[in-house]
**Student:** 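This is the structure I have questions about; it appears just below.
If you read the sequence from its start, that first residue is 1, and numbering goes on from there. Side-chain atoms are counted along with the backbone in the values below, which use heavy atoms only and exclude waters and symmetry mates.
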Amino acid sequence: MSQPINVYSIPDLTVATDEALPGVFARLGYTQNYRLIDTKLIIGYLISFIAAISFLLDRKVKWHDALFYQKVLVASYLMLSVAFWFVVEYMENGIKYQGIKDGCQLTVKTKYEKFNPICKVVLIEESGTKLEVELPATKVFSESGALQFNLLLKWFEDQIRVLGDKKRK
């Protein structure tokens with residue numbers, strides 16, 4: 001069991017559920033894929049690096065001499081910021097976990113709607129097979145607000161089995 005949370009707080013439910021996913025899927029034999037996280041980190045570091053260069057250039061060189069370089073840096077900053085937005089908005093798009101087991105990738109998206117303690121879970125296999133299910137918070141959280149890891153593990157195990165059955169049809 002985990003630390004108790006306020007089960008009436010959707011943000012707390014979201015964080016507790018999402019943080020448990022790597023542990024759940026590790027116990028199910030999946031290895032986490034960090035490609036999206038790495039992409040966001042690389043773009044973020046590049047944005048920071050460009051901002052640091054711009055700051056140093058502003059400090060060390062006269063304004064008129066640095067103007068061309070500042071324009072190039074601002075344009076680069078803008079392009080990288082747009083790329084970061086694109087990755088978050090369209091590539092990540094609610095993905096909370098990506099894992100690989102036996103050469104097959106599984107993607108998990110989760111979302112709680114405002115004021116509704118029911119988590120909408122989407123499981124997507126690499127082949128395109130998709131399963132959309134709802135996970136009521138009452139099914140995996142105790143009355144005191146502790147996440148019951150074994151119940152969450154069993155629930156995901158059942159859903160992966162259903163996804164596999166759906167794939168075979």
Side-chain angles (χ1 to χ4, degrees), residues 1-48 51 78 80-169:
M1 292 216 309
S2 65
Q3 290 283 64
I5 62 164
N6 179 0
V7 292
Y8 300 105
S9 169
I10 301 302
D12 288 353
L13 288 172
T14 302
V15 169
T17 306
D18 292 348
E19 285 180 352
L21 292 179
V24 166
F25 287 102
R27 293 256 314 260
L28 292 173
Y30 285 86
T31 304
Q32 190 166 3
N33 180 350
Y34 295 99
R35 189 174 53 233
L36 276 176
I37 295 169
D38 290 345
T39 303
K40 286 173 37 180
L41 279 173
I42 288 169
I43 294 172
Y45 283 136
L46 287 172
I47 288 171
S48 299
L78 176 68
L80 285 171
S81 294
V82 168
F84 186 82
W85 171 80
F86 181 80
V87 167
V88 169
E89 193 68 27
Y90 294 103
M91 290 175 66
E92 187 179 51
N93 195 18
I95 293 174
K96 304 300 181 190
Y97 180 85
Q98 285 185 314
I100 299 173
K101 179 180 178 183
D102 301 329
C104 186
Q105 182 169 317
L106 177 72
T107 301
V108 180
K109 296 180 179 185
T110 63
K111 182 178 182 183
Y112 280 93
E113 289 185 12
K114 198 171 187 176
F115 308 122
N116 190 3
I118 296 175
C119 183
K120 298 195 186 313
V121 179
V122 180
L123 300 169
I124 306 167
E125 278 196 342
E126 193 172 28
S127 63
T129 310
K130 189 179 198 180
L131 177 67
E132 296 183 30
V133 289
E134 292 185 346
L135 172 62
T138 55
K139 196 167 200 149
V140 293
F141 285 92
S142 67
E143 288 181 17
S144 64
L147 176 64
Q148 299 175 27
F149 186 82
N150 289 333
L151 292 177
L152 184 64
L153 176 69
K154 183 174 178 355
W155 188 85
F156 271 108
E157 197 172 37
D158 294 341
Q159 301 314 312
I160 290 172
R161 192 174 305 112
V162 171
L163 182 65
D165 293 343
K166 188 175 180 181
K167 181 181 177 182
R168 284 189 273 284
K169 287 183 181 180

**Student:** So, taking the atom named CG in Leu13 and the one named CG in Asn6, what distance separates them when rounded to the nearest 0.5 Å?
**Tutor:** 8.0 Å
**Student:** Tell me, do Ile5 and Phe141 make a side-chain contact under 4.5 Å, heavy atoms counted?
**Tutor:** yes
**Student:** So, applying side chain to side chain contact (heavy atoms under 4.5 Å, CB included) with Ile43, which one of Thr39, Leu41, Leu46 is it?
**Tutor:** Thr39
**Student:** Got a list of side-chain donor-acceptor pairs under 3.5 Å for residues 85-99, not counting sequence neighbours?
**Tutor:**
| residue | atom | partner | partner atom | Å |
| --- | --- | --- | --- | --- |
| Glu92 | OE2 | Lys40 | NZ | 3.0 |

**Student:** How long is the gap from CD1 on Ile10 to NZ on Lys114, to the nearest 0.5 Å?
**Tutor:** 11.0 Å
**Student:** Rounded to the nearest 0.5 Å, what separation is found between the CG atom of Leu147 and the CG atom of Asp12?
**Tutor:** 12.5 Å
**Student:** Could you note down all residue pairs passing side chain to side chain donor-acceptor pair (under 3.5 Å) where residues 16-30 supplies at least one of them, sequence neighbours left out?
**Tutor:** Thr17-Tyr112, Asp18-Thr110
**Student:** So how far is it from Leu21 CG to Phe156 CZ, rounded to the nearest 0.5 Å?
**Tutor:** 5.0 Å
**Student:** Residues two or more places apart in sequence or in another chain: which of them pass side-chain hydrogen bond (donor to acceptor under 3.5 Å, both in side chains) with Gln32?
**Tutor:** Tyr34
**Student:** Just verifying a value: how many Å separate Lys154 NZ and Asn150 CG, rounded to the nearest 0.5 Å?
**Tutor:** 11.0 Å
**Student:** Restricting to salt bridge (Lys or Arg N to Asp or Glu O under 4.0 Å), what partner residues turn up for Arg161, sequence neighbours left out?
**Tutor:** Asp158
**Student:** What distance separates Ile100 CD1 from Asn33 CG, expressed to the nearest 0.5 Å?
**Tutor:** 4.5 Å
**Student:** With sequence neighbours excluded, what pairs up with Asp102 under the side-chain contact (heavy atoms from CB on, under 4.5 Å) test?
**Tutor:** none
**Student:** Which donor-acceptor pairs under 3.5 Å do the side chains of residues 119-130 make with protein atoms, sequence neighbours left out?
**Tutor:**
| residue | atom | partner | partner atom | Å |
| --- | --- | --- | --- | --- |
| Lys120 | NZ | Glu134 | OE2 | 2.8 |
| Glu125 | OE1 | Lys167 | NZ | 3.4 |
| Ser127 | OG | Thr129 | OG1 | 3.1 |

